[in-house]
Amino acid sequence: MKRSRPVISRLVAHAALSPSPSPTDASHLDALHLFRRAHRRGAPLAAEAFPPLLFACRSFPSLGRQAHALMVKSAANLHPVPATALLDVYSRCGLLRYALDVFDGMSVRDSIAWNALISCLVRHGLPDDAISAFRAMAADGGPPFTGFTLCSMLKACASLRAVRLGKQIHARVIGDGNDSLVMATAIIDFYSGCGMIQEAFDVFNRLNSEKDVAIYNALISACIQNRRFKEAFSVLGLVRPNEITLTCALSACSECLSLPYGKQVHCVMVRHGFDSDTTLCNAIVDMYAKCGELTSGRISFEQIHHKNVVSWTSMIAAYGSHGRGVEAWKLFKRMQEEEISGHVSPNAVTFLSVLSACGHSGLVDEGRECFFAMQSKHGIDPGPEHYACFIYLLGRAGRIEEAWKLYCDLILNPDNLTSAVCIAMLNACKANMDLARACGQWLGAEDLRRMMKDRGLKKEAGNSQFELPVAIET
DNA sequence: ATAGGGTTAG
């Protein structure tokens with residue numbers, strides 16, 4: 001069975017064909033090669049072999065599926081340890097369905113298996129299901145909670161703004177005497193997500209232990225999320241920054257339109273040799289674009305070693321917001337050339353950015369091509385926000401009938417009748433009051449109220465500059 | 001085998 005069916009060989013060959021753009025991927029590939037050699041020599045597929053193998057599969061989602069097949073062959077999938085590792089790989093690769101199937105198939109579920117499930121649900125934006133799982137875990141016969149469980153639950157509570165449950169968990173953490181930094185960081189992040197900045201500061205100030213950079217980052221991020229930029233910058237002055245600290249700092253600079261401070265952060269980044277961190281580089285591109293320095297943004301973009309989908313999308317969006325639709329479109333085309341060589345592919349946000357850029361510049365044909373290609377070529381279903389953007393584009397270009405037709409198809413499903421869609425259609429109807437009335441007829445009082453509420457929530461804050469009180473520690 | 005802090009749109 002070992003030599004005649006070299007599944008791992010094919011699996012690793014497949015990995016070698018696809019490019020490995022980051023050093024992490026490369027080391028994972030090394031691990032896969034090692035596994036292949038052992039497997040070729042006829043080493044038994046012991047259950048212990050799978051967790052490290054699955055760890056290496058994080059970089060290569062298609063391999064996880066094949067590792068799973070090997071686990072079934074050797075019955076390793078019946079052991080909770082490799083099964084949990086498998087669940088986690090599926091979760092990290094965005095394969096929710098497979099992850100849940102693994103959990104359902106487990107006959108023994110310890111705390112770690114439950115934790116991995118809850119973490120998976122939170123990661124996939126299903127906080128309600130995470131809470132249901134949490135309650136199921138608490139039911140008779142379930143394994144006990146651990147700090148891991150409570151950390152994931154705090155995240156679920158933040159995304160639901162479930163203040164009561166979150167506070168109950170906070171109380172439980174105190175009752176357990178769990179005063180770890182990880183837990184405190186999760187609690188700060190929970191209060192921050194619920195808009196309770198004072199509570200976040202209280203947790204931070206009550207800590208007795210030595211603080212690490214992650215908890216400072218959480219506090220800085222909390223200030224920024226709650227628009228307390230001055231405080232964000234003063235906390236920033238208290239910590240030796242890492243890549244994440246600087247990324248936070250940049251988002252504050254972008255929000256405040258503070259170019260001089262953004263440049264300082266850029267300098268600190270270079271001095272610390274953090275320029276291989278793609279996320280940080282993406283924030284640099286965004287900061288320059290938001291502060292009006294499009295060319296500096298472009299230069300920074302070109303210098304990113306391992307551009308990911310966010311890098312490309314940020315630059316496309318930068319051109320779009322500067323009214324440079326043609327440049328945005330060109331970059332989108334170039335991105336797709338890179339896609340053919342296997343590096344990156346556009347996601348839903350990319351398409352929205354392209355549609356928006358085309359809309360601002362009146363590129364109707366390009367916008368239409370983009371809208372239809374996202375489904376047919378890339379298998380991404382447009383959400384209501386894509387429809388809204390496309391309808392807006394068509395309306396601005398005077399293609400009211402085309403917009404109307406799209407709108408009528410769209411709202412056959414009431415879930416699509418979002419405020420953005422209605423506003424876009426009403427905008428398109430400006431030149432045609434009969435259509436505007438027809439459009440308005442679809443809306444009940446509830447919808448109108450919802451629309452106005454949504455508009456209120458999304459109102460842009462005014463852009464003003466202010467002096468920043470401290471300098472960054474280098 | 002599971003947990004904390006980060007970037008993209010409207």
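Quick note on labels: first sequence line is chain A, next is B, and so on, each numbered from 1. Excluded from the calculations below are hydrogen atoms, water molecules and symmetry mates; all remaining heavy atoms, backbone and side chain alike, are included. Everything quoted here is computed from the prediction, not taken from an experiment.
Spacing between atom CD1 of A:Ile118 and atom P of B:dG4 amounts to 13 Å, rounded to whole angstrom units. The distance from atom CD1 of A:Ile391 to atom P of B:dG10 is 17 Å, rounded to the nearest whole Å. One interatomic measurement links the two molecules: CZ of A:Arg92 to P of B:dA1, which rounds to 12 Å at whole-angstrom precision. If you measure from atom OH of A:Tyr319 to atom P of B:dA9, you get 16 Å, rounded to the nearest angstrom. Nucleotide B:dG4 holds its C1' atom 14 Å from the CG atom of A:Asn115, rounded to whole Å. Put simply, NZ on A:Lys211 is 19 Å from P on B:dG5, counting in whole angstrom units. Rounded to whole Å, the distance from CD on A:Glu255 to C1' on B:dT8 is 13 Å. Whole-Å rounding puts the A:Asp286 CG to B:dT7 P distance at 10 Å.
Looking at heavy-atom distances under 4.0 Å, A:Val213 makes contact with a base. Among the protein residues, A:Leu181 comes within range of the nucleic acid bases, having at least one heavy atom under 4.0 Å from a base atom. Backbone-only contact: A:Cys248 has heavy atoms under 4.0 Å from sugar-phosphate atoms and none from a base. The residue A:Asn308 sits apart from the nucleic acid: no heavy atom pair falls under 4.0 Å. Counting any heavy atom pair closer than 4.0 Å across all strands shown, A:Ser353 reaches sugar-phosphate atoms only and no base atom. Contact annotation for A:Thr84: base contact, defined as any heavy-atom pair under 4.0 Å involving a base atom. Contact annotation for A:Ile316: no contact, since no heavy-atom pair falls under 4.0 Å across all strands.
Distances were taken from every side-chain heavy atom of A:Arg58 (C-beta onward) to each of B:dT2, B:dG4, B:dG6; the shortest belongs to B:dT2. Between B:dA9, B:dG4, B:dG5, one nucleotide has an atom nearer to the side chain of A:Ala317 than all others, and that is B:dA9. With distances taken from any side-chain atom of A:Ile244 to the nucleotides B:dT2, B:dG4, B:dG6, the minimum falls on B:dG6. Among the nucleotides B:dT7, B:dT2, B:dT8, the one closest to any side-chain atom of A:Ala116 is B:dT2. Side-chain proximity of A:Lys290 to B:dT8, B:dT2, B:dG6: nearest is B:dT8. Distances from the side chain of A:Ser119 to the nucleotides B:dA1, B:dA3, B:dA9 place B:dA3 closest. Comparing B:dG6, B:dG4, B:dA1 by their closest approach to the side chain of A:Thr185 singles out B:dG4. Here the nucleotide nearest the side chain of A:Pro51, chosen from B:dA1, B:dA3, B:dT2, is B:dA1.
For the residue pair A:Thr149 and A:Asn115, a side-chain donor N or O sits within less than 3.5 Å of a side-chain acceptor on the partner. A donor-acceptor contact under 3.5 angstrom links the side chains of A:Thr350 and A:Thr313, judged on distance only. Counting only N and O atoms by type, the side chains of A:Asp88 and A:Ser91 include no donor and acceptor under 3.5 Å apart. Side-chain contact, A:Tyr288 with A:Arg298: no donor N or O sits under 3.5 Å from an acceptor N or O.
The shortest heavy-atom contact between A:Phe190 and A:Ala158 is CD1-N, 3.8 Å.
Counting distance only, with no hydrogens placed and no angle test, the side-chain atoms of A:Asn282 and the base atoms of B:dG6 include no donor-acceptor pair under 3.5 Å. Side-chain atoms of A:Asn217 and base atoms of B:dG4 include no donor and acceptor less than 3.5 Å apart.
At B:dG10, one or more side-chain N or O atoms of A:Ser356 fall inside 4.0 Å of OP1 or OP2 (strictly under the cut-off). Under 4.0 angstrom from either OP1 or OP2 of B:dG5 there lies at least one side-chain N or O belonging to A:Lys155. Contact between the side-chain N/O atoms of A:Arg123 and the OP1/OP2 oxygens of B:dT2 is not found at any separation under 4.0 Å.
The shortest side-chain heavy-atom distance between A:Phe145 and A:Arg172 falls under the 4.5 Å cut-off.
Between A:Phe390 and A:Phe371, the ring planes are parallel. Angles under 30° get that label, and only those over 60° would be called perpendicular.
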